[in-house]
Amino acid sequence: MSSLSDLVNLNLSDATDKIIAEYIWVGGSGMDMRSKARTLPGPVTDPSQLPKWNYDGSSTGQAPGVDSEVILYPQAIFKDPFRRGNNILVMCDAYTPAGEPISTNKRHAAAKVFSHPDVVAEVPWYGIEQEYTLLQKDVNWPVGWPIGGYPGPQGPYYCGIGADKSFGRDIVDSHYKACIYAGITISGINGEVMPGQWEFQVGPAVGISAADEIWVARYILERITEIAGVVVSFDPKPIPGDWNGAGAHCNYSTKTMREDGGYEIIKKAIDKLGLRHKEHIAAYGEGNERRLTGRHETADINTFLWGVANRGASIRVGRDTEKEGKGYFEDRRPASNMDPYIVTSMIAETTILWNP
């Protein structure tokens with residue numbers, strides 16, 4: 001008699017050419033991820049080969065009940081680490097039946113920025129550091145923390161090892177390997193400053209693919225925490241008080257920044273970002289004011305400043321970039337719950353297309 005795990009892990013290719021495609025999209029809150037699966041007649045390698053699909057937008061906060069149909073457009077394909085074989089994950093964005101992007105479709109506007117010839121020519125690279133917190137399911141308290149109590153102060157937990165310092169490593173390692181399997185350009189993981197908090201990095205990835213990969217990596221993480229019976233939080237300040245918040249630092253460079261003389265281009269780009277500081281902050285995540293206080297490795301939300309190797313700045317330039325006269329910089333302002341379509345395209349639009 002087969003067990004449930006045997007059936008879950010059935011290899012479909014032993015019996016059929018059919019595959020399962022899990023269509024993924026962003027729900028009405030801008031952070032809730034949704035997905036549903038459909039059977040396809042055979043393996044698929046390009047989004048253009050996939051059919052459009054629909055869903056009930058009134059159940060996701062994205063359409064009224066009297067006109068609830070929303071259409072999913074497949075945009076990016078990844079290998080499915082859960083079903084494996086030829087099965088796939090499909091990142092989609094959402095449109096009305098008339099073909100207009102719905103209001104919560106942030107990918108559509110980002111794609112316009114990234115398809116602009118001036119942006120294409122600059123080949124923008126992104127490396128996004130996604131921080132998150134693992135919470136005990138029924139109490140919304142970080143894993144490893146005593147219920148209703150607190151662990152020792154921050155210090156030993158960052159990149160820490162040991163049962164008294166590292167909480168949730170099995171989930172984190174599972175996520176790391178699942179992302180590599182899926183084809184995401186995940187470049188590393190580490191334990192963060194607050195216990196129960198972790199980070200993964202995606203990149204370098206070019207243009208809109210960086211945002212697609214962050215969304216799918218978030219989806220995989222939520223699926224794994226579902227299996228593990230814990231909750232993942234992308235709140236930028238999940239625990240008030242003397243604890244680090246959670247961000248999504250965005251490392252960025254363009255072709256001319258990576259070439260000789262690029263440091264001057266970097267400084268001009270940072271000046272532009274400073275001129276639009278309020279506009280960027282408004283789009284960099286909900287609740288970010290609870291995190292950007294000027295403490296815990298952040299700049300104050302109302303202050304724009306940059307510096308070399310300064311982790312308390314809005315923009316940090318690395319020592320290697322300063323020394324070599326070319327490279328990249330890090331925008332430390334985005335919150336952990338930022339929309340990567342908004343943040344990546346906004347940085348490109350401000351630094352490449354905008355003329356003050």
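The first residue of the sequence shown is numbered 1, and numbering continues consecutively from there.
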- Query: When you look at CD of Gln201, are more than 12 heavy atoms from neighbouring residues, nucleotides or ligands closer to it than 6.0 Å?
  - Reply: yes
- Message: Is there a path of hydrophobic side-chain contacts, each under 4.5 Å between heavy atoms, that joins Ile189 and Met194?
- Response: no
- Item | Side-chain donor-acceptor pair present, Gln130, Ser336, cut-off under 3.5 Å | no
- Message: Which residues pass the ring pair (Phe, Tyr, Trp, His ring centres under 6.0 Å) test with Phe167, not counting sequence neighbours?
- Response: none
- Message: Could you check whether Tyr219 and Ser35, counting side-chain N and O atoms only, form a donor-acceptor pair closer than 3.5 Å?
- Response: yes
- Quick check: does any side chain N or O of Thr321 sit under 3.5 Å from a backbone N or O of Val317, one acting as donor and the other as acceptor? no
- Item | Test item: Glu259 side-chain N/O and Thr256 main-chain N/O as donor-acceptor pair under 3.5 Å | no
- Mark yes or no for whether Thr350, through its side chain, and Ile347, through its backbone, hold a donor-acceptor pair below 3.5 Å. no
- Task: Write down the atom of Val202, the atom of Ala210, and the distance for their closest heavy-atom approach.
- Result: CG1-O, 4.4 Å
- So Asp300 and Arg295, salt bridge (Lys or Arg N to Asp or Glu O under 4.0 Å) or not? Walk me through it. CA-CA 8 Å; Asp300 181 84; Arg295 302 179 62 219; over 6 Å; no
- Query: Is there a donor-acceptor pair closer than 3.5 Å between any side-chain N or O of Glu322 and the backbone N or O of Gly318?
  - Reply: no
- Full working for side-chain hydrogen bond (donor to acceptor under 3.5 Å, both in side chains) between Asn190 and Glu192: CA-CA 6 Å; Asn190 61 267; Glu192 265 304 328; 3.3 Å; yes
- Hey, are Ser209 and Asp212 close enough side-chain-wise for a donor-acceptor pair under 3.5 Å? no
- Message: Looking at every heavy atom in both Thr104 and Gly28, which two are closest together, and how far apart are they?
- Response: CG2-O, 3.8 Å
- Query: So if you build clusters from Ile, Leu, Val, Met, Phe, Trp, Tyr with side-chain heavy-atom gaps below 4.5 Å, do Ile214 and Ile224 land together?
  - Reply: yes
Can you give each donor-acceptor pair under 3.5 Å made by side-chain atoms of residues 86-98, sequence neighbours left out, with the distance rounded to 0.1 Å?
unit_1, atom_1, unit_2, atom_2, d
Asn87, OD1, Ile20, N, 2.7
Asn87, ND2, Arg84, O, 2.8
Asp93, OD1, Gln75, NE2, 2.8
Asp93, OD2, Tyr95, OH, 2.8
Asp93, OD2, Asn105, ND2, 3.4
Tyr95, OH, His108, ND1, 3.4
Thr96, OG1, Ala98, N, 3.3
Thr96, OG1, Gly99, N, 3.4
Thr96, OG1, Glu100, N, 3.1
Thr96, OG1, Glu100, O, 3.4

- Full working for side chain to side chain contact (heavy atoms under 4.5 Å, CB included) between Val123 and Thr254: CA-CA 6 Å; Val123 196; Thr254 62; over 6 Å; no
- Query: Hey, mind stepping through Glu199 and Glu131 against side chain to side chain contact (heavy atoms under 4.5 Å, CB included) and telling me if it holds?
  - Reply: CA-CA 4 Å; Glu199 173 184 298; Glu131 294 178 345; 3.3 Å; yes
- Query: Got a sec, which residues hit ring pair (Phe, Tyr, Trp, His ring centres under 6.0 Å) with Tyr55, two or more places apart in sequence or on another chain?
  - Reply: Trp25
- Message: Quick one, Glu69 and Ile71 - any side-chain contact, counting heavy atoms below 4.5 Å?
- Response: yes
- Message: Once you measure the plane-to-plane angle for Trp215 and Tyr341, does it fall in the parallel (<30°), tilted (30-60°) or perpendicular (>60°) bin?
- Response: tilted
- For Val231 and Lys137 the tightest heavy-atom approach is CG2-CA, 3.9 Å
- Does atom CH2 of Trp125 have more than 12 heavy-atom neighbours from other groups under 6.0 Å away? no
- Note on the structure: On a heavy-atom basis, the closest approach of Pro124 and Tyr252 is CB-CE1, 3.9 Å
- Show your working on salt bridge (Lys or Arg N to Asp or Glu O under 4.0 Å) between Arg316 and Asp331 and close with a plain yes or no. CA-CA 7 Å; Arg316 181 188 66 86; Asp331 190 339; over 6 Å; no
- Scan residues 146-159 for pairs that pass side-chain hydrogen bond (donor to acceptor under 3.5 Å, both in side chains), counting only residues two or more places apart or in two chains. Gln154-Asn244
- Query: For Lys272 and Thr351, which heavy atoms make the closest approach, and how far apart are they?
  - Reply: NZ-O, 3.4 Å
- Is a side-chain donor-acceptor pair under 3.5 Å present for Asp138 with Gln136? no
- Task: Looking only at non-hydrogen atoms, find the nearest pair between Gly57 and Val70 and report the distance.
- Result: CA-CG2, 3.7 Å
- Message: Assess the residue pair Arg332 and Glu330 against the criterion (salt bridge (Lys or Arg N to Asp or Glu O under 4.0 Å)); give the C-alpha distance rounded to whole Å, side-chain angles, the decisive distance to 0.1 Å, and a yes or no.
- Response: CA-CA 6 Å; Arg332 297 178 59 81; Glu330 176 191 37; 3.2 Å; yes
- Task: Can you establish whether the number of heavy atoms outside Lys267 located under 6.0 Å from its atom NZ is more than 12?
- Result: yes
- Can you label the angle between the Trp243 ring and the Trp145 ring as parallel, tilted or perpendicular, going by 30° and 60°? tilted
- Message: For a quick check under 3.5 Å, do Ser58 and Asp56 share a side-chain donor-acceptor pair by atom type?
- Response: yes
- Query: Can the positive tip of Lys36 be found less than 6.0 Å from the middle of the six-membered ring of Tyr23, inside 45° of the ring normal?
  - Reply: no
- Query: After noting the C-alpha distance and the side-chain angles of Ile281 and Asn302, does the key distance pass the side chain to side chain contact (heavy atoms under 4.5 Å, CB included) rule?
  - Reply: CA-CA 9 Å; Ile281 285 293; Asn302 297 311; over 6 Å; no
- Kindly determine whether Asp271 and Leu275 satisfy side chain to side chain contact (heavy atoms under 4.5 Å, CB included), including the steps that lead there. CA-CA 6 Å; Asp271 287 343; Leu275 292 173; 5.8 Å; no
- His277 and Ser314: side-chain donor and acceptor closer than 3.5 Å? no
- Message: Checking His249 now: which residues fulfil ring pair (Phe, Tyr, Trp, His ring centres under 6.0 Å) with it, not counting sequence neighbours?
- Response: none
- Task: Please determine if Lys79 forms a cation-pi arrangement with Tyr181, meaning its NZ or CZ atom is less than 6.0 Å from the six-membered ring centre and no more than 45° off the ring axis.
- Result: yes
- Counting only heavy atoms not in Ile147, do more than 12 fall under 6.0 Å of its CD1? yes
- Asp173 CG: over 12 foreign heavy atoms closer than 6.0 Å: yes
- Task: List in chain and number order the residues that pass salt bridge (charged side-chain N to carboxylate O under 4.0 Å, His left out) with Glu22, two or more places apart in sequence or in another chain; answer none if no residue qualifies.
- Result: Arg83
- In terms of hydrophobic clusters joined by side-chain contacts under 4.5 Å, are Phe114 and Met346 together? yes
- Task: Please state whether the rings of Phe200 and Tyr132 are parallel, tilted or perpendicular, taking 30° and 60° as the class boundaries.
- Result: tilted
- Query: Got a second to check how far Ile301's CD1 is from Thr293's OG1, nearest 0.5 Å?
  - Reply: 10.0 Å
- Task: Quickly, which of Ile265, Ile315, Leu305 forms a side-chain contact (heavy atoms from CB on, under 4.5 Å) with Ile270? Name it, please.
- Result: Ile315
- Query: Is Arg34 salt-bridged to Asp32, going by a charged N under 4.0 Å from an acidic O?
  - Reply: yes
- Message: I'd like to know if Lys255 pairs up with Glu122 as an ion pair, taking the criterion as any Lys NZ or Arg NE/NH1/NH2 lying under 4.0 Å from an Asp or Glu carboxylate oxygen.
- Response: no
- Query: When hydrophobic residues are tied together by side-chain contacts of less than 4.5 Å, even through go-betweens, does Ile19 share a cluster with Leu72?
  - Reply: yes
